[in-house]
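Some notes on the structure that comes next.
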There are 2 protein chains.
Amino acid sequence: MKETDNKLTMRNIKPTAMRELVLKVLSEQKSAISLLELEQKFEKADKTTLYRTLKTFEENKLIHSIDDGTGSVKYALCKETCECNPSDLHVHFLCTKCKHTFCLNDIAIPNLTLPANFKLETINMVVKGICANCK
Amino acid sequence: MKETDNKLTMRNIKPTAMRELVLKVLSEQKSAISLLELEQKFEKADKTTLYRTLKTFEENKLIHSIDDGTGSVKYALCKETCECNPSDLHVHFLCTKCKHTFCLNDIAIPNLTLPANFKLETINMVVKGICANCK
DNA sequence: AAAACTTTGCAACTCAGTTGCATAGCTTTT
DNA sequence: AAAAGCTATGCAACTGAGTTGCAAAGTTTT
């Protein structure tokens with residue numbers, strides 16, 4: 001059994017040819033990728049299939065989605081132990097020069113004291129600026 | 001000179017009837033409002049005009065926009081002294097029950113230590129959860 | 001091998017945001 | 001005060017990301 005298959009099976013995703021390919025492409029990325037960008041990595045691929053593949057991956061916490069404010073949602077692999085709980089969350093960085101969106105996996109979302117009677121569920125924190133490569 | 005006119009003029013926005021009305025509506029909101037919601041506050045108003053009015057207001061820092069991840073951008077008045085610099089930024093809260101988006105004006109975005117050679121420009125931080133009214 | 005379920009692919013739609021263009025309304029110049 | 005010029009407004013039509021319906025292809029179960 002291939003390693004990729006294993007990663008899918010671990011997350012209760014039936015390993016099809018398409019899904020293996022998508023996971024492979026996602027694994028190769030250094031930054032988060034949009035549906036459109038993913039589509040362009042393939043010679044011939046249907047947007048709907050990729051869309052639904054990403055949804056399936058996200059539901060099963062193999063990947064997480066990032067709304068970086070650019071108008072297109074980006075996707076990136078979760079860590080193996082990730083359950084997408086608040087404690088698993090990290091900061092994302094959008095470079096305004098190269099337009100890449102990075103997971104700053106080592107930077108946890110800082111603790112916040114909300115006003116009285118506000119209950120926290122999750123936090124989206126996107127930092128914009130210039131990344132190390134573009135500097 | 002009316003107070004509303006004054007606020008517009010202070011920000012170098014020519015005070016037209018439409019703009020005064022829009023500013024009035026925005027001032028009355030307890031939470032941030034989308035273009036569509038704004039449109040519905042008027043009997044008869046053109047989306048384009050409202051859209052361009054909001055853009056003008058935003059460019060001149062009378063209001064700021066909030067991408068709360070719901071798919072529709074929200075707008076809220078800036079404080080009088082706001083220049084929309086990082087130090088002016090605050091946390092936004094999206095209630096998953098009532099779907100309202102609030103400016104937590106008193107909660108500044110926490111300081112972050114970015115990886116080496118990353119330069120910060122701005123931060124978008126949206127907390128999701130249940131607000132005090134819905135609890 | 002047939003029946004039942006899942007995945008894939010095409011087309012077509014939704015919805016927020018945006019642009020083009022003509023008209024209406026000011027402002028400035030003569 | 002009329003003409004010329006600029007700004008704001010309103011309608012229609014478009015864009016692009018995301019999404020759904022449905023039928024065909026592929027798997028799994030009986």
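Letters go in sequence order (proteins before strands), and every chain restarts at 1.
Remark: P of D/dA17 and CD1 of A/Ile33 are 14 Å apart, rounded to the nearest angstrom. The distance between atom CG of A/Asp68 and atom P of D/dA17, rounded to the nearest whole Å, is 13 Å. Following rounding to the nearest Å, B/Glu37 (CD) and C/dC15 (C1') show an atom-to-atom distance of 14 Å. Across the protein-nucleic acid pair, B/Asn60 atom CG and D/dT7 atom P stand 14 Å apart, rounded to whole Å.
Side-chain atoms of A/Asn85 and A/Ser87 form no donor-acceptor pair, as typed in the model, at a separation below 3.5 Å.
Taking only side-chain atoms of A/Asp46, from C-beta outward, the nucleotide of D/dA17, D/dG10, C/dC10 with the closest atom is C/dC10. In this structure, the nucleotide among D/dA8, C/dG17, D/dG10 sitting nearest to the side chain of B/Arg19 is D/dA8.
Two end axes, each from the C1' atoms of five base pairs, can be drawn for the helix from C/dA1-D/dT30 to C/dT30-D/dA1; they diverge by 10°, to 10 degrees.
The shortest non-hydrogen separation linking A/Lys99 to A/Thr96 is NZ-O, 2.9 Å.
Residue pairs satisfying the salt bridge (Lys or Arg N to Asp or Glu O under 4.0 Å) criterion with at least one member in residues 43-59 of chain A, sequence neighbours excluded, are absent.
Using a 4.0 Å heavy-atom cutoff across all strands shown, A/Thr49 reaches at least one base atom of the nucleic acid.
A salt bridge links B/Glu28 with B/Lys24: the closest approach of a Lys/Arg side-chain nitrogen to an acidic carboxylate oxygen falls below 4.0 angstrom.
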What string of B, S and - do you get for nucleotides 19-30 of chain D, 5' to 3', if B is base contact, S is sugar-phosphate-only contact and - is no contact with any protein heavy atom under 4.0 Å?
BBBB--------
Checking side-chain contact (heavy atoms from CB on, under 4.5 Å) for the pair B/Leu62/B/Leu8: CA distance, chi angles, key distance, verdict?
CA-CA 8 Å; B/Leu62 181 59; B/Leu8 291 169; 3.7 Å; yes
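Phosphate proximity of D/dT9 to B/Thr16: present, with a side-chain N or O under 4.0 Å from OP1 or OP2.
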